[in-house]
Amino acid sequence: MSETKTLPTEYVSHPGEIKSSLGHTVRTDEMIINMGPQHPSTHGVLRLEIVVDGEIIVDVIPHIGYLHRCFEKHAEHMTNYQQVIPYCDRLDYCAAINEEHSYVLAVERMLKIEVPERVEYIRVIMAELQRIASHLIAVGTFGIDAGAFTPFLYAFHDRELILSLFEMTCGARLLYNYFWIGGLSHDLPPQFVDKAKEFCTYFKPRIKEFNDLLTYNEIFVKRTANVGVLPQDVAINFACSGPMLRGSGVNWDLRRDDPYSVYHKIEWEPKIGKGEMGTVGDVWDRHIVRMREMEESVKIIEQALAALPAGNVQAAIPKRIRPDAGEIYARTETPRGELGFYIISDGSGTPYRVKGRAPAFVNLSVLPEISRGGMIADLVLIAGSVDIVLGQVDR
Amino acid sequence: MEAFQNLGFWGTLLVTIVLSALPLVFVLLYALVTIYLEMKVAAHVQDRVAYMRTGWHGVLQPIADFIKLIQKEDIISVAANKKLFILAPYIVFMGTYGAYAAIPFSSIFIGANIDLGAFFIIGISSLVVVGILMAGWASNNKWSIFGAVRSAAQMISYEIPTALAVLIAVMITGSLNLQEVTKFQAGGIQNWLIFGGPLPLLQKILITPFTLITFLILFVASLAEVNRTPFDLPEAESELVQGFFTEYSGMRWALFYVAEYANMFLVAGVAVALFLGGWESPFGSFLSGPIWGLFWFIIKGMVLVFLQIWLRWTLPRLRVDQLMYTSWKVLTPFLFVCIIAIGLILVL
Amino acid sequence: MTAQEIHDSLKAKFGDAVLDAKLDVMQPWLSIAPDRMKDIAFFLRDDPSMQFDYMMCLSGVDYNDGRLGIVYHLFSMVHRHKIVLKAFCTKENPHVRSVSSVWGTANWHEREVFDMYGITIDEHPDLRRLLMPDDWEGHPLRKDYKVPEFYNGMKVPY
Amino acid sequence: MTAVRIYFNNIWLALSSIAIGMRITMSHLFVKSVTTQYPDVKLKMPERARNRLYVNIDDCIGCDQCSMACPVDCITIETIKSTPDQDLGTTSTGQKKRLHVPVFDIDIAKCCYCGLCVPPCPTECIVMTDVYEFSEFDRKNLIYNFSVMMPQDIEQARAKLKKAEEEAAAKKAAAAAAAAAAKAAAPPAAPPADKPAGAPPSQQPSTPASDTPGQPGKS
C-alpha cells in the first residue's frame with residue numbers, strides 16, 4: 001500500500017479547466033452532444049451528455065438507469081436467500097461467478113458456517129476463470145474502441161473456451177447459479193481438471209500474441225498513453241477499485257488485503273500500473289493491468305488445480321436459511337473491482353435489505369473527472385478502460 | 001484512341017459513351033469482388049469463415065446485398081437538407097469515378113489520355129471532399145458533421161504528401177501523363193520506379209532507397225485519402241457511429257460504399273501506374289501485350305487493395321491530432337528530403 | 001484502531017453528535033446525528049490516526065419503524081481499519097448532510113439514496129434522481145412503496 | 001538531440017509494431033477457422049446442460065416445491081385434492097400421488113434457467129433438458145401446459161371434492177350440533193367444533209375419476 005497524498009479539505013472537481021491535448025487553450029462555441037444510450041462504444045445503454053468545444057471535451061455528464069432492474073427490491077421480495085443468487089448473476093453478466101461469490105460469502109458469514117476446503121478451491125478456480133473471461137471482454141472491446149476489431153474476436157474465442165468449461169460444470173454458459181450458500185450446485189465433472197490445465201497451457205501464448213497485436217502496437221500506445229490519467233488520490237477518494245485503482249499505482253487487491261476463500265494459500269501478486277508508456281494511471285496502464293492480471297489468474301488456477309483436495313461440495317446447512325438478525329458487509333475482488341453486499345437480516349428467511357456496492361457504478365462516477373480536456377476519441381477509450389457493465393451500474 | 005478519330009458526331013458520342021461506361025462496369029464488378037474479398041479476408045484473419053450460404057462459399061452474397069440495398073426504403077430525415085442530402089452521394093461517386101478517366105488500364109485503354117493525367121486525378125478526387133462535407137452538413141446530425149469535418153481536414157492534409165509523392169515520380173520520368181510514366185518503366189521489374197526506374201546503375205543504386213520511401217509514403221497517404229484504417233476517423237464507428245453517412249441508408253448508402261471501394265482501387269491504380277510499372281509485365285516483354293497489360297494492371301492494383309484490407313484488420317485507429325502529426329510532421333518532411341535527394345541525384 | 005477507540009475519540013471530540021453505538025457485533029457501528037455527519041466525516045478522513053480515506057459503501061435503509069437511515073461503510077487504506085456509521089432520520093423529516101465533498105464517491109451513492117428512499121441530502125452539489133426517471137413518483141425502496149398503475153400513460157406492472 | 005531520437009524512434013516503433021501485427025494477422029489467415037456453421041453443425045451439449053424445462057407429469061405429485069423455489073414465478077401449479085376413494089397411482093419413485101394437477105404451466109419466456117426448481121422436486125419429475133431451440137412467433141406459445149387432465153376430468157374432480165367437502169362439512173355441522181346439544185345438556189362441555197370447511201373429507205365410496213396419462217406437451 002503506497003502512501004496517499006493529502007487531499008484538499010473539500011474536494012471539488014474543476015469543470016472550468018480546459019486544455020486541449022495539443023497543449024493550448026482553444027475557445028469556440030460549445031456544443032452539447034449525446035453519446036448514447038444507443039452508441040457503439042458506450043458498452044450498453046449508458047448515456048453521456050458531452051459538452052464539447054470542437055473535439056475537446058469540456059464536461060461529461062453521465063446519465064444512468066436505462067438498465068435498472070430493481071435488483072434490491074427484488075431481493076427483498078424473494079422467499080429465501082437462495083433465490084437471490086440468480087439475480088446476482090445478472091448484475092454483472094460478464095462475471096457472474098464473481099457476483100455469486102460475493103453474495104454467497106456475505107450470507108455464509110452471516111450464518112457463520114465454514115464451507116469445505118474443496119468448495120473453496122473450486123470457487124477460486126471458477127472465480128479466476130471468470131476473471132479471465134471478463135478481462136478478455138474488457139480488453140477485446142477496448143480494442144474495438146481503439147478501432148482494432150481483430151483482437152476482439154481472438155479474445156472472444158478464448159472466452160468461449162472458458163464458457164465451455166463452465167457449461168460442462170454447471171450447465172450454463174453465462175449466468176451460472178453455481179455457487180450456492182454453503183457449497184456448489186454441482187461437483188466438478190471428472191474431465192474438468194484436465195481440460196482446465198489444457199486451457200491454461202493454451203492460453204499463455206495467446207496473451208503474448210494479444211499483447212503483440214494490440215497492447216504494444218505503437219498506434220495503440222500513442223492513443224492510450226497519457227490519456228485519462230486518474231491520479232492516486234482521486235482514485236481513492238472516488239473509491240475506485242480493481243484494475244482502475246491498481247492502474248493508478250495503488251497496490252491494493254482484496255484477494256490479498258482482505259483475504260477470503262483460499263487466496264492466501266496461493267502464490268500470486270497483484271499487478272499495478274507503473275506508467276511504462278506514459279503517466280501512472282493512464283488508460284494504457286489500466287489495460288496492461290488487465291492483461292497481466294490474466295497471467296496471474298492463470299497462475300492461480302494452475303496452483304489451485306494442483307492443490308485441489310477431495311471431499312464434499314456442500315456444507316451442512318439448515319434446509320431453510322435463516323440468519324440471525326444483524327447486518328453484514330462482505331466484499332470480494334471481482335474483475336471490475338470491489339463488489340460488496342450489504343445485507344440486513346431480520347431473522348426471517350428473506351433478506352430485509354440487500355445493497356449491492358457495484359464496482360462499475362463507483363468506477364463510472366469518476367469518468368467526468370478524468371475525461372475533461374480530452375477529445376471525443378479519448379472519451380471513448382476512457383469509458384472503455386473503466387470497463388463498465390451496465391447491468392452492474394444500474395442494478 | 002487514335003482508331004476512333006473520324007467517326008462524325010454521333011459516332012464519336014457513341015464511342016465516348018461506351019468507352020466511359022467500361023470503367024463503370026469494371027468498378028461495379030470490382031466492388032462486388034472486393035467486398036467479398038474484404039469480408040473473407042477479415043473473417044479468416046479473425047479465425048472465422050464469413051459468408052457460407054449464398055452459393056459456393058457465399059460468392060453470391062455481395063449480389064444479394066446489392067439487391068437488398070436496392071429494395072430498402074429511402075429514408076431522408078425530416079430535419080435534413082433534402083437537396084444536398086440527395087446530391088451528396090452522387091458528387092462523391094463522381095469525384096471518384098471521374099478520376100478513373102486518367103487511369104491507364106492497358107496500353108490501348110485509357111479513358112482520356114491527357115498530358116496532365118496525374119494532376120487531373122489529384123484535382124478531381126478532391127471533389128470527394130465536397131460531397132462528404134455536403135453529406136455531413138445535410139444530414140443535420142452532430143455525429144455526421146463531426147465525421148464530415150474530420151474527413152475534409154484529413155483529405156486535404158493528405159493531398160500534400162500524395163501530391164509530393166506524385167511529383168517525385170514526375171521528376172524521374174519527366175511526364176505527368178500516366179501512360180508515358182508507365183511506358184518509361186518498360187522492361188521488367190527492375191525498371192519500375194520503386195526500384196529507381198531505368199536509370200544508369202550508379203544513379204539507380206543511389207535513388208532506390210528514396211523511391212522506396214516515397215512509395216511507402218504514397219501508400220500511407222493514399223490510405224488516409226480513402227479513409228481506411230488506421231485513418232478511418234471520418235467513419236470511426238466506435239466514436240462517430242458511422243460518421244458522415246450515419247443518416248444514409250439503402251441505395252444512397254450503397255453509392256457511398258461503392259465510391260469508397262472504387263476509391264481504394266483508384267489510389268492503388270495511381271500507385272501502380274507511378275511506381276509499380278503500371279500495365280507493364282514484370283518480366284519485360286514476356287507475357288506483355290494489351291490484354292496481358294490489363295491483367296497485370298488489375299493484379300498489381302488488387303495486391304495493393306489486399307494490402308489495404310490486411311492493414312485494416314490489423315491496426316487500431318489514430319486520433320485526430322496524431323493523424324495531422326503523421327501528415328505534416330512525418331510524411332511531408334520525409335518527402336521534402338526525398339525530393340531534394342532525388343533532384344540532386346538526377347542532376348548528377 | 002479498534003471500534004471502541006474510534007468511538008471514544010469521536011465521543012471526546014464531538015460529544016453528543018455520537019448518538020448511539022453498537023460495538024459488540026460483527027461489524028461495529030456508530031450512530032451519528034445526521035446534521036453533524038459532514039464534520040465527523042472530515043475528521044474521520046483527515047485525522048492522522050483515523051485516515052478513513054476510502055468509502056466502501058453507502059446504503060440507504062428503511063427500518064420500517066418510521067426511521068430511514070444511511071449506512072456508511074468506511075475503510076482506511078493506510079491503517080486498514082473499518083467502521084460503520086449510521087445516520088438515522090425520520091420519514092417525516094428526512095434530511096442528512098452530504099459527505100460528497102469529503103468522499104467523491106458519495107456523490108452518486110447519495111443521489112441513489114435520494115432516488116430510492118427520498119432522503120434529502122443537504123448541501124449535495126447535484127441532487128437529482130439517478131436510476132429512476134426524473135418524473136417518477138415515489139421512492140421505490142421504501143417498505144411502504146406502492147407500485148403505481150401507470151407511468152406516463154404506460155402500464156407499469158407487466 | 002533527444003527529441004530527434006524520439007522522433008525517429010517513434011517512426012521505427014510504429015513501423016516495426018505494425019509489421020509484427022501484420023505478421024500475426026497473416027499467420028491467422030491460414031489457420032483453420034474456429035467457428036461452426038450453426039444450423040448445419042451443432043455443438044454437442046454437455047450432460048449438465050440447463051435449457052428448456054421438461055416436466056414428466058406422470059410423476060408429479062403436485063407438491064408445489066418447484067414453484068416455491070422459482071425466483072421469477074414462472075411455474076403455476078393448481079391442485080385438486082383427490083378423495084380417498086380415488087387411486088391416482090404412484091410415481092416411478094414409488095410415491096403415492098394424492099393430488100390432481102389440473103394446471104401445471106411453465107412460462108418459459110419468464111424462465112431464467114437457474115435450475116433452482118430441479119433439486120427440490122421429490123420425485124425428480126422436473127428436469128432441464130438440452131433443447132435450446134424453441135423460439136415462437138407468439139408469446140402465448142411459450143406458456144407450456146404440462147397438465148394432461150381433460151376439462152371434464154377437472155370438472156369431475158372438482159365436483160367430487162366439493163361434494164366430499166360438503167359432506168364432511170355437513171357431518172361436522174351435525175357433529176357440532178350434536179356436541180352443542182350435548183353441551184346444552186351437560187354444562188361442562190367439550191370445546192366447540194369450529195374447524196375449517198377444508199378438513200379431511202369423509203369416507204364416501206364412489207367410482208374413481210378417470211386418469212388419462214399421456215405425453216405432456218405444449219399447447
Side-chain angles (χ1 to χ4, degrees), chain A residues 1-4 6-13 61-70 72-73 76 109-110 112 233-241 245 250 252 257-258 326-331 338 340-342 344 346 352-357 361-366 369 393-395, chain C residues 22 25-27 29 38 42 45-46 48 51 53-64 69 71-80 82 84 86 99-109 111-113 115-116 123 125-126 128-134 136 140-143 145 147:
Chain A
M1 173 64 228
S2 49
E3 278 298 301
T4 55
T6 44
L7 276 167
T9 334
E10 196 143 338
Y11 184 81
V12 252
S13 53
I61 307 158
H63 293 266
I64 61 172
Y66 290 89
L67 203 60
H68 180 52
R69 290 146 307 157
C70 332
E72 289 164 17
K73 194 79 179 167
E76 289 170 17
R109 282 191 186 158
M110 279 189 115
K112 300 190 184 64
D233 52 342
V234 178
I236 293 174
N237 194 260
F238 273 82
C240 294
S241 48
L245 187 64
V250 184
W252 179 257
D257 296 313
D258 195 357
E327 55 181 54
I328 194 154
Y329 177 78
R331 51 183 187 164
E338 170 184 332
F341 278 104
Y342 174 54
I344 302 179
D346 56 355
Y352 182 78
R353 166 90 170 102
V354 176
K355 154 93 183 181
R357 184 267 197 214
F361 172 81
V362 176
N363 290 351
L364 184 64
S365 67
V366 83
E369 304 291 322
V393 173
D394 294 344
R395 281 157 292 147
Chain C
K22 199 159 172 118
V25 288
M26 206 174 345
Q27 290 178 343
W29 55 267
K38 193 171 169 182
F42 269 127
R45 191 193 71 184
D46 292 338
Q51 292 210 12
D53 50 0
Y54 190 87
M55 169 180 272
M56 295 189 284
C57 189
L58 186 157
S59 2
V61 183
D62 180 357
Y63 290 95
N64 213 9
V71 183
Y72 305 81
H73 288 85
L74 304 181
F75 182 70
S76 166
M77 287 264 201
V78 186
H79 301 301
R80 306 206 173 187
K82 293 178 188 170
V84 182
K86 293 187 180 182
V99 293
S100 60
S101 54
V102 188
W103 296 289
T105 180
N107 188 327
W108 279 24
H109 278 300
R111 275 176 69 185
E112 192 190 330
V113 167
D115 187 358
M116 293 299 168
E123 297 177 26
D126 181 23
R128 286 177 294 135
R129 279 183 181 270
L130 185 67
L131 295 173
M132 306 299 286
D134 286 340
W136 191 266
L141 274 179
R142 286 194 180 186
K143 291 279 176 186
Y145 176 72
V147 182

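Keep in mind that what you see is a predicted model, and the values were worked out from it rather than measured. Within every chain, numbering begins at 1; the chains are lettered A, B, ... in the order of the sequence lines, protein sequences first and strands thereafter.
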Legend entry - Rounded distance (nearest 0.5 Å) linking atom NE2 of His68(A) with atom CG of Asp115(C): 7.0 Å

Legend entry - Portion of Asn363(A) that has a non-hydrogen atom of chain C nearer than 4.5 angstrom: neither

Inset, instruction - First locate atom OG1 of Thr105(C), then atom CD1 of Ile236(A), and finally report the distance between them rounded to the nearest 0.5 Å. - result: 12.5 Å

Legend entry - Euclidean distance, Met116(C) CE relative to Lys355(A) NZ, rounded to 0.5 Å: 9.0 Å

Inset, instruction - Under 4.5 Å heavy-atom distance to chain C, tell me which part of Ile344(A) shows up: side chain, backbone, both or neither. - result: side chain

Inset, instruction - Counting only heavy atoms closer than 4.5 Å, note whether Lys73(A) contacts chain C via side chain, backbone, both or neither. - result: both

Legend entry - Spatial distance of atom OG (Ser59(C)) from atom CZ (Arg353(A)) [nearest 0.5 Å]: 6.0 Å

Legend entry - Interface moiety of Tyr342(A) toward chain C, non-hydrogen atoms closer than 4.5 Å: side chain

Inset, instruction - Under 4.5 Å, counting heavy-atom pairs only, tell me which of His109(C), Met55(C), Met26(C) racks up the most with chain A. - result: His109(C)

Legend entry - Proximal component of Arg142(C), with respect to chain A [non-hydrogen, under 4.5 Å]: backbone

Inset, instruction - Check whether the side chains of Glu338(A) and Tyr54(C) place a donor and an acceptor atom closer than 3.5 Å, and report yes or no. - result: yes

Legend entry - Salt bridge Glu327(A)-Lys22(C), side-chain N to carboxylate O under 4.0 Å: no

Inset, instruction - Examine distances only and state if a side-chain atom of Glu72(A) and a backbone atom of Leu141(C) form a donor-acceptor pair shorter than 3.5 Å. - result: no

Inset, instruction - First locate atom CG of Asp258(A), then atom CE of Met56(C), and finally report the distance between them rounded to the nearest 0.5 Å. - result: 8.0 Å

Legend entry - Flag side-chain contact, heavy atom, 4.5 Å: Asp257(A) against Met77(C): no

Legend entry - Heavy-atom contact with chain A under 4.5 Å, split by part of Val61(C): both

Inset, instruction - Measure the shortest side-chain to side-chain distance between Asn237(A) and Asp53(C) over non-hydrogen atoms and say whether it is less than 4.5 angstrom. - result: no

Legend entry - Cys240(A) versus chain C, the contacting section by heavy-atom distance below 4.5 Å: backbone

Legend entry - Close side-chain approach of Ile64(A) to Trp108(C), heavy-atom, < 4.5 Å: yes

Legend entry - Residue Tyr352(A) versus chain C: region with a heavy atom under 4.5 Å: both

Inset, instruction - Name the region of Arg129(C), side chain, backbone, both or neither, that has any atom closer than 4.5 Å to a heavy atom of chain A. - result: neither

Inset, instruction - Could you tell me which of Ser241(A), Gly65(A), Ser365(A) has the largest number of non-hydrogen atom pairs under 4.5 Å with chain C? - result: Ser365(A)

Legend entry - Separation of Tyr329(A) OH from Lys82(C) NZ (nearest 0.5 Å): 8.5 Å

